[in-house]
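The next block holds one structure in the form of structure tokens; read it before the comments.
Bear in mind the structure is a predicted one, so any value in this text is a computation, not a measurement. Below, chains carry the letters A, B, ... as their sequence lines are ordered, and counting in each starts from 1.
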There are 4 protein chains.
Amino acid sequence: MLKDKDQREKILDAAFEVFGSKGYHDAKMIEIAKKAGISKGTIYLYFPSKEDLYIAMNDRSFAYFLWNAKQEADRCITFRQKLYSIARHHLYFFYHTRKYPDSFWQAPLQMPEMMNRLHQFFNDYHNLVAKLMEEEGLEEATLHSKAFCSMLNGYRMDIISNPEIDEKDIEMFATFTVGLFLEGCY
Amino acid sequence: MLKDKDQREKILDAAFEVFGSKGYHDAKMIEIAKKAGISKGTIYLYFPSKEDLYIAMNDRSFAYFLWNAKQEADRCITFRQKLYSIARHHLYFFYHTRKYPDSFWQAPLQMPEMMNRLHQFFNDYHNLVAKLMEEEGLEEATLHSKAFCSMLNGYRMDIISNPEIDEKDIEMFATFTVGLFLEGCY
Amino acid sequence: MLKDKDQREKILDAAFEVFGSKGYHDAKMIEIAKKAGISKGTIYLYFPSKEDLYIAMNDRSFAYFLWNAKQEADRCITFRQKLYSIARHHLYFFYHTRKYPDSFWQAPLQMPEMMNRLHQFFNDYHNLVAKLMEEEGLEEATLHSKAFCSMLNGYRMDIISNPEIDEKDIEMFATFTVGLFLEGCY
Amino acid sequence: MLKDKDQREKILDAAFEVFGSKGYHDAKMIEIAKKAGISKGTIYLYFPSKEDLYIAMNDRSFAYFLWNAKQEADRCITFRQKLYSIARHHLYFFYHTRKYPDSFWQAPLQMPEMMNRLHQFFNDYHNLVAKLMEEEGLEEATLHSKAFCSMLNGYRMDIISNPEIDEKDIEMFATFTVGLFLEGCY
DNA sequence: CATGAATGAGGTTTCATTCAT
DNA sequence: AATGAATGAAACCTCATTCAT
């Protein structure tokens, strides 16, 4: 039982790496199997298809992301601190998974189920952030949360493709974004 | 001579529609050919491979997007108006191409040439916006331009997948984004 | 383990027949698969490409030919007998594979690896014969061995395309060739 | 009229080069057209198909080869001189066309018409040589002529692939072959 | 549970040939 | 006569999935 859990997780870990670094179409089941240290057939004991594996892998990542974002934010007291924790969490996530640029934030069209999950995830994330804003009394919390998250998303490609970006840059991006959000550009 | 031009454009138009609605991998050359009203082989008279066609199609879109963005901004006088024109152009582009959600703003990894073009495009776009900001005397124009464009990008998925969004919403998104950028969230 | 060996051999057998009777370019992978009683994809489990299969098939034939030629020659005592055994082996090989005229003795240009193997094979064969001649004290063994083998090769097209040629003719060709080689034309 | 003749010849010349250096299957009509300085379509005004062009090209080569061989032999007086002239002509032909190794002496199976022509050519050539031998009173002239020509053919691959072989080697090969034929190996 | 050999549908690309100009 | 744009059949190869062991 625990063994099963381990197998499933091992496969999801491998899937994260392979899907993440190659993209859905260029990822091969055999490579995921090899990376998981098992055989191709075994994957099908745990996941009915490549697509299902892809979705399961993303689901796990989504849950993990949201859970962590919430944890971090809950530790903070002031609104500014909360925004800052969201920003840091978001950007560090990009930073730590920068070797797997395809693992997040985009999905193949022609995979409606995955699109739904992705929408749901964005929804959940935006709601999480919107709630923080509502608690602060901010109007139009939904629009504001989307704008805030979108600014963070904008750093994704830079973080992925510019190897010179380091943790100091990440901190700066977070500070800048929170400042712009709270006070505007001037 | 004109004929050639026409054929090439016809193919690029069809490529835009098919790549845009299916994504690179799920797009089939035969479908592009049919949509262009020609035969499969003819595509290869104008483009050496599927990948080259994809890149050429994107290049055309990039140039078109940048040219229009500049046109619109140049017609404006105040800084706020310029930002607003950028925002409207950006969001209306999403709106008018919402049937082709894969035609823009993302590219398959494993296609380094395309990634380079995409980076270049973002660079050009951000520079265009940064220049407007520099003219206004805004500090850290690069960071600000990225943040501004990122907020606009954030509406992409909504515009694509929510069929209830209409031109009034677009205008509202633009107004909101410019306001947030200039004055902050309060 | 034995199964694998069998599959590989089955594929090589089928390749010998199809390449041999159609030539490299007119041979189709699907036909080789059908003849081997397997599916197209299975061939690619054992050989990475059509070209590799072609080369492997030829390699096997080369080794087989040389091994047999040596076996037969080693059983003989006198020089004349040895020459005669070489001639018979050579001509009977043509005779027994006459249904597969393209399987031997020629290779597509534009396939450098195959050309190398073919050269190597001719080299090995000529050396084998040259050695017999050296043991006899014949001068210019290399030139003589090439001339001898070339005369035998000359019967190839006759044997392949003239269905009236039978084993009696083969014996006669061998006798004639050895005689001409040893004593000249008078 | 003369113009036509020129076009046809130009195409045959180009075909000789391209078929000869690439082989039938790897030769492209477009390349032949370019080499002839005309357009693809024009070839089809003079030859109904690639196959027909290939056959016509070979036919011309065959006729040329035979005509020259006869010319050279007729100039000679003694039997040995005649054999020697045949040998030199044969080997120099290989030597001078060594850049076009596929232009002669082999044909794709699956092209019965071409196979027939090739047989006919060998027949004619062997008869030409056999006649010389008959005039000398040699018995079994047919067998002897085949053996003689086959020995010459044996140098083909060497001449084609060994760039160090020069005219001195050719002369030596001719001398050696005639000697072996007349006196045997000792 | 686990394996990995086998399958076969499906897509990109090539190129001889045609035909309107 | 000459062109070259257009055609479309055909073939190699890939890889998700199955299933006997």
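A donor atom on one side chain and an acceptor atom on the other are not found under 3.5 Å apart for D:Ser61 and D:Asn58.
Scanning residues 107-117 of chain D for heavy-atom distances under 4.0 Å to DNA chain E yields an empty list. Listed by residue number, the members of residues 27-38 of chain A with any heavy atom below 4.0 angstrom from DNA chain F are A:Ala27, A:Lys28, A:Met29.
The partner of F:dG8 is E:dC15, by the rule that a Watson-Crick or G-U pair needs both atom distances under 3.5 Å. Base pairing analysis places E:dA20 opposite F:dT3; the two distances defining the Watson-Crick or G-U wobble pair are each below 3.5 Å.
For the pair B:Lys50 and B:Tyr24, the cation-pi criterion (under 6.0 Å, within 45° of the ring axis) is fulfilled.
Looking at the side chain of C:Ser39, the nearest of the listed nucleotides F:dT18, E:dG8, E:dC1 is E:dG8.
Put simply, CD1 on C:Ile43 is 14 Å from P on F:dA11, counting in whole angstrom units. The distance between atom OH of D:Tyr44 and atom P of F:dG4, rounded to the nearest whole Å, is 15 Å. What separates OH of D:Tyr54 from C1' of E:dA16 is a distance of 17 Å, to the nearest Å. Rounded to whole Å, atom C1' of E:dT3 lies 13 Å from atom CD1 of A:Ile11. The distance between atom OH of A:Tyr24 and atom P of F:dA16, rounded to the nearest whole Å, is 8 Å. Atom-to-atom, CG of D:Asp26 to C1' of F:dC12 comes out at 15 Å; the value is rounded to the nearest Å. If you measure from atom CG of C:Asp6 to atom P of E:dA5, you get 14 Å, rounded to the nearest angstrom. Note: CD (C:Glu51) to C1' (F:dC13) measures 14 Å, nearest angstrom.
One cannot find a donor-acceptor pair under 3.5 Å joining the base of F:dT7 and the side-chain atoms of B:Lys40.
Neither OP1 nor OP2 of E:dA5 sits under 4.0 Å from any side-chain N or O of C:Thr42. Checking the phosphate oxygens (OP1, OP2) of E:dC1, a side-chain nitrogen or oxygen of A:Tyr46 falls inside 4.0 Å. At the phosphate of F:dA5, neither OP1 nor OP2 sits under 4.0 Å from any side-chain N or O atom of B:Gln7.
With respect to the salt-bridge test (charged N to carboxylate O, under 4.0 angstrom), the residues D:Asp13 and D:Arg8 do not qualify. Ion pairing of A:Glu17 with A:Lys99 is absent here, as no side-chain N (NZ or NE/NH1/NH2) approaches a carboxylate O to less than 4.0 Å. Taking the charged nitrogens against the carboxylate oxygens, A:Asp124 and A:Arg117 have no contact shorter than 4.0 Å, which rules out a salt bridge.
For B:His25 and B:Leu45, each mapped to the nucleotide of DNA chain E holding its nearest heavy atom, the one lying further toward the 5' end belongs to B:His25. Taking for each of C:Ser49 and A:Lys50 the nucleotide of DNA chain F with the nearest heavy atom, the 5'-most of the two is the partner of C:Ser49.
Shortest non-hydrogen contact noted between D:Ala56 and D:Phe47 is CB-CE2, 3.7 Å.
Here A:Phe121 and A:Phe65 bring their ring centres to under 6.0 angstrom of each other.
Ring pair C:Phe19/C:Tyr54 is perpendicular by interplanar angle, where above 60° counts as perpendicular and below 30° as parallel.
At least one donor-acceptor pair under 3.5 Å links the side chain of D:Ser161 to the backbone N or O of D:Met157.
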Tell me, with the steps shown, if C:Thr97 and C:Ile160 meet side-chain contact (heavy atoms from CB on, under 4.5 Å).
CA-CA 8 Å; C:Thr97 61; C:Ile160 286 168; over 6 Å; no
